[in-house]
J.: 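The structure under discussion is supplied below as structure tokens; questions concerning it will follow.
Within every chain, numbering begins at 1; the chains are lettered A, B, ... in the order of the sequence lines, protein sequences first and strands thereafter. Because the structure is predicted, anything quoted here is derived from the model rather than measured.
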Protein chains: 2
Amino acid sequence: MTEASMQRITRQRQVILETLRNVRTHPTADELYEIVRKKLPHISLGTVYRNLDTLERCGMALRLDRVGNQARFDGDTSQHCHIRCKQCGRVDDIFETHAEVHADAVVRETGYQVTGFSLEFEGKCPTCKEIQDN
Amino acid sequence: MTEASMQRITRQRQVILETLRNVRTHPTADELYEIVRKKLPHISLGTVYRNLDTLERCGMALRLDRVGNQARFDGDTSQHCHIRCKQCGRVDDIFETHAEVHADAVVRETGYQVTGFSLEFEGKCPTCKEIQDN
DNA sequence: CTACTAATGAGAACGGATCGCAAAAAGGAG
DNA sequence: CTCCTTTTTGCGATCCGTTCTCATTAGTAG
């Protein structure tokens, strides 16, 4: 399902997608809800969740599954990976390729039909690093 | 904290660790609870959760955080990665190295202090593949 | 316009995980 | 062994992110 083939383009859906695309913080559903509420004060959290699901199924958003205990979302569906701060939960993008992955060899080892992989780095973000150093 | 330095070695803790080590399915907390209950019928789910936390903090078990919507646990703490079936949630081990990751380059790009990474493959397991083919 | 269907808002419900607390167990000292 | 201290357990309550229900509203085709 693509943007054009989505059944209805409601104001809520539009604002949610725009907001997600204009933010670089990989927000959780409720963080996004707080931002969207500034434009649509009467929107409900359930609508945000539903639209994030829809957008994900349409390939227009990514769910960063269980980065911590809450799902985070990414409006940038281009190929890139993430680094997460173990201390504050912040998630940043990594666009350069710092790994070569050989999926074909995984097929041979496991017998799975391999459809993809995710590479996620973890560490301490610049901010948390500085706080601890002082 | 290591096995020896753990404050108390209770029967519950012992059985939980043994069970986790003897199983190759990367069980969820409640799956492990069901297995452990066969030996200790009066154990509570809370105790399983608490001990999994303790074992993780001692470096004797791993919490597979991003695998589906429920945490799974692995008693094998040696370096390896996982492949998850998108259809049934099954998780298998991958011991061969099928990727070269350059963490130092990530440090330069992000400014993070990188402490690790996780590489997870996803696809369709042999069983689900066969079911769908028939 | 009308008719039909999808989407929304509000709140209830669900489920995994955690917490509080009294009772039990583990371990040390004597 | 007993006594004492500290940790752990079992149980139930609670938390909180997410999903569901359902009456109402909005989008779209004709």
Side-chain angles (χ1 to χ4, degrees), chain A residues 1-20 26-58 60-73 84 89 91, chain B residues 1-20 26-58 60-73 84 89 91:
Chain A
M1 204 192 256
T2 62
E3 187 159 4
S5 73
M6 209 155 25
Q7 306 238 2
R8 299 276 158 78
I9 300 168
T10 60
R11 176 117 182 86
Q12 288 89 334
R13 187 163 292 170
Q14 191 181 10
V15 172
I16 287 169
L17 181 57
E18 275 172 16
T19 306
L20 184 60
H26 311 85
T28 60
D30 57 288
E31 284 169 356
L32 196 59
Y33 170 60
E34 288 304 328
I35 304 171
V36 168
R37 269 216 295 182
K38 291 172 188 165
K39 276 203 173 177
L40 304 174
H42 299 299
I43 198 170
S44 80
L45 180 57
T47 298
V48 174
Y49 271 107
R50 269 185 308 242
N51 276 296
L52 286 169
D53 282 351
T54 304
L55 292 171
E56 192 199 4
R57 276 185 287 102
C58 299
M60 298 162 68
L62 293 175
R63 179 190 300 262
L64 310 183
D65 238 334
R66 299 290 176 270
V67 183
N69 54 339
Q70 232 175 323
R72 290 180 173 270
F73 296 86
R84 171 169 53 95
V91 176
Chain B
M1 205 193 256
T2 62
E3 189 158 4
S5 72
M6 210 156 22
Q7 306 238 2
R8 299 274 157 74
I9 300 168
T10 61
R11 175 117 182 87
Q12 289 90 334
R13 186 163 292 169
Q14 191 181 10
V15 172
I16 289 169
L17 182 57
E18 274 171 16
T19 306
L20 184 60
H26 310 85
T28 59
D30 57 288
E31 284 168 358
L32 196 59
Y33 170 61
E34 288 305 327
I35 304 171
V36 167
R37 271 217 291 183
K38 292 172 188 162
K39 276 203 173 177
L40 305 174
H42 299 301
I43 198 170
S44 79
L45 180 57
T47 298
V48 174
Y49 271 107
R50 268 186 307 240
N51 276 298
L52 285 170
D53 283 352
T54 304
L55 292 171
E56 192 201 4
R57 276 186 287 103
C58 299
M60 298 161 69
L62 293 176
R63 179 191 300 262
L64 309 183
D65 243 335
R66 298 182 302 137
V67 184
N69 53 341
Q70 227 175 325
R72 290 181 173 270
F73 295 86
R84 171 170 53 96
V91 175

J.: Quick check: does any side chain N or O of Arg13(A) sit under 3.5 Å from a backbone N or O of Arg8(A), one acting as donor and the other as acceptor?
T.: yes

J.: State, with a plain yes or no, whether a side-chain heavy atom of Ile16(B) is found less than 4.5 Å away from one of Ile43(B).
T.: yes

J.: Expressed as a whole number of angstroms, how long is the span from Glu56(B):CD to dT18(C):P?
T.: 10 Å

J.: Of the nucleotides dA17(C), dG27(D), dG20(C), which has the atom closest to the Arg50(B) side chain?
T.: dG20(C)

J.: Exactly one of Thr47(A), Leu17(A), Leu20(A) should register a side-chain contact (heavy atoms from CB on, under 4.5 Å) with Leu52(A). Which one does?
T.: Leu20(A)

J.: According to a strict under-4.0 Å criterion, is Tyr49(B) in side-chain N/O contact with OP1 or OP2 of dT18(C)?
T.: no

J.: Among dA17(C), dT28(D), dT8(C), which is the nearest nucleotide to the side chain of Gln12(A)?
T.: dT8(C)

J.: Counting only side-chain N and O atoms of Thr10(B), is one of them less than 4.0 Å from OP1 or OP2 of dT9(D)?
T.: yes

J.: From OH of Tyr33(B) over to P of dG15(C), roughly how many Å is that when rounded to an integer?
T.: 16 Å

J.: Given Tyr33(B), which partner from the list Leu40(B), Thr28(B), Leu45(B) fulfils the side-chain contact (heavy atoms from CB on, under 4.5 Å) test?
T.: Leu45(B)

J.: Which nucleotide sits closest to the side chain of Arg8(B): dA7(C), dT8(D), dG16(C)?
T.: dT8(D)

J.: Using atom CD of Gln14(A) as one end and atom C1' of dA26(D) as the other, report the distance to the nearest whole Å.
T.: 14 Å

J.: Indicate, with a heavy-atom threshold strictly under 4.0 Å, whether Arg11(B) touches base, sugar-phosphate, or nothing.
T.: nothing

J.: Can you tell me the distance, in whole Å, between the CD1 atom of Ile9(A) and the P atom of dT8(C)?
T.: 12 Å

J.: What nucleotide, of dA25(C), dA7(C), dA17(C), holds the atom closest to the side chain of Arg13(A)?
T.: dA7(C)

J.: Expressed in angstrom and rounded to an integer, what is the separation of Arg63(B) atom CZ from dT18(C) atom C1'?
T.: 11 Å

J.: Heavy atoms under 4.0 Å, any strand shown: does Asn51(B) hit a base, just sugar-phosphate, or nothing?
T.: sugar-phosphate

J.: Using whole Å, report how far NE2 of His42(A) lies from P of dA26(D).
T.: 12 Å

J.: Between atom CG in Leu32(A) and atom P in dG17(D), what is the gap in whole Å?
T.: 15 Å

J.: Within the distance-only criterion (no hydrogens, no angle test), does the side chain of Arg72(B) pair as donor or acceptor with the backbone N or O of Leu64(B) below 3.5 angstrom?
T.: no

J.: Where each residue is assigned the nucleotide of DNA chain D containing its nearest heavy atom, which of Leu45(A) and Ser44(B) is assigned the position nearer the 5′ end?
T.: Ser44(B)

J.: To the nearest Å, give me how far apart CD1 (Ile43(B)) and P (dA23(C)) are.
T.: 21 Å

